Amino acid sequence: MWRHVFRKLAVYKKGEETIKQPVYVGDVAAAIVAACKDPDAAGKIYQAVGPKRYLLSELLDWFHVVMKKGEPDYGYYRYDLRYDPVMPLKLFINGLFPGYPMGHLTPERVERECHTDIFRKNLPTLEDLGVTLTHIEDQAPWELRPMAAYQYYEDEIGEFEKPVPPNPVPM
């Protein structure tokens, strides 16, 4: 809620230049357990990245369609964060209150979302610890279900077509 301005979403350069490689939290937890059990993993740095890379703009649009908030009649729209007069005010208000920020909105988080995830081929990944990575297309609909619009409506099976997942960006 704090990230949106009404139903519009402010993202740096509309998210069209940012590439993300999302990883499922369960895979990271499994990798931590595997690293604790493996004596050869001591002192090594592992990349916690998912199996595919996506443009942030396509991910956000797909998330909103999965939550039934991406339709034109709902009013979802992505725009450039650099021209948003409300976001600096929100960040300032969150900075006034000590403790846990409202909506997890901090300047550090907004800055982190603007950067592309860097994949280094010379570093081991979670797969090197024996973790089978979960694809976002399989997990995201389940994770986004509690935030979906029109939750009171019980749809018939097959009433809504399944949203087409975003296209991966080549490595």
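Worth saying up front: this structure is predicted, and the values here are computed from it rather than measured.
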Original post:
Could you walk me through whether L105 and N94 pass the side chain to side chain contact (heavy atoms under 4.5 Å, CB included) check?
Top reply: CA-CA 7 Å; L105 191 62; N94 263 348; 3.4 Å; yes

**OP:** Return the minimal non-hydrogen interatomic distance between V49 and L133, and the atom names on each side.
**Re:** O-CD1, 3.8 Å

Original post:
In this structure, are over 12 heavy atoms from other groups packed under 6.0 Å from I45 atom CD1?
Top reply: no

Original post:
Taking a hydrophobic cluster as the set of Ile, Leu, Val, Met, Phe, Trp and Tyr residues connected by side-chain heavy atoms closer than 4.5 Å, whether directly or through intermediates, do M87 and I93 fall within one such cluster?
Top reply: yes

Original post:
Any side-chain heavy atom of Y74 within less than 4.5 Å of one from K68?
Top reply: no

Original post:
Does anything in residues 38-49 pair up under salt bridge (charged side-chain N to carboxylate O under 4.0 Å, His left out), and if so which pairs, sequence neighbours excluded?
Top reply: none

Original post:
Hey, mind stepping through Q47 and L126 against side chain to side chain contact (heavy atoms under 4.5 Å, CB included) and telling me if it holds?
Top reply: CA-CA 7 Å; Q47 296 183 94; L126 302 182; over 6 Å; no

Original post:
Can you list the residues that meet the salt bridge (Lys or Arg N to Asp or Glu O under 4.0 Å) rule with R78, with sequence neighbours excluded?
Top reply: E16, D61

Original post:
Among pairs that include at least one residue of residues 109-135, which meet ring pair (Phe, Tyr, Trp, His ring centres under 6.0 Å), considering only residues two or more places apart or in two chains?
Top reply: none

**OP:** Sequence neighbours left out, what pairs pass salt bridge (charged side-chain N to carboxylate O under 4.0 Å, His left out) with at least one residue falling in residues 122-150?
**Re:** K52-E137

Subject >> For the student: nearest non-hydrogen atoms of C114 and L81, plus distance >> reply: SG-CD2, 4.4 Å

Original post:
Looking only at heavy atoms, what is the nearest atom pair of W62 and P165, with distance?
Top reply: NE1-CA, 3.4 Å

Original post:
Got a sec, which pairs hit salt bridge (charged side-chain N to carboxylate O under 4.0 Å, His left out) with one end in residues 101-114, sequence neighbours left out?
Top reply: R3-E113, R109-E113, R112-D117

Subject >> Separation between NZ of K14 and OH of Y83, rounded to the nearest 0.5 Å >> reply: 10.0 Å

**OP:** Supply the members, apart from I118, of the Ile/Leu/Val/Met/Phe/Trp/Tyr cluster built from side-chain contacts under 4.5 Å; use none for a lone residue.
**Re:** none

**OP:** Starting from V65, walk the hydrophobic network (Ile, Leu, Val, Met, Phe, Trp, Tyr; side-chain heavy atoms closer than 4.5 Å) and list everyone else you reach, by chain and number.
**Re:** none

Subject >> pair P22-L59: side-chain heavy atoms closer than 4.5 Å >> reply: yes

Subject >> Contacts of type salt bridge (Lys or Arg N to Asp or Glu O under 4.0 Å), residue R82, not counting sequence neighbours >> reply: D80

Original post:
Excluding sequence neighbours, so at least two apart, what forms side-chain hydrogen bond (donor to acceptor under 3.5 Å, both in side chains) with Y79?
Top reply: D84

Original post:
Could you give all pairs that pass the ring pair (Phe, Tyr, Trp, His ring centres under 6.0 Å) test and reach residues 3-57, with sequence neighbours left out?
Top reply: H4-H64

**OP:** Considering non-hydrogen atoms only, spot the tightest contact between L129 and A41 and give its length.
**Re:** CD2-CB, 4.2 Å

Original post:
Any chain of hydrophobic side-chain contacts (each under 4.5 Å) joining V11 to Y77?
Top reply: no

Original post:
For K13, which residues count as a salt bridge (Lys or Arg N to Asp or Glu O under 4.0 Å) partner, sequence neighbours excluded?
Top reply: E17

**OP:** Linking directly or through intermediates, with side-chain heavy atoms under 4.5 Å: list the remaining ILVMFWY members grouped with I19, chain and number order.
**Re:** L55, V169

Original post:
For the atom pair NZ (K20) and CD1 (I136), what is the distance rounded to the nearest 0.5 Å?
Top reply: 12.0 Å

Subject >> Side-chain heavy atoms of D27 within contact of T134, under 4.5 Å >> reply: yes

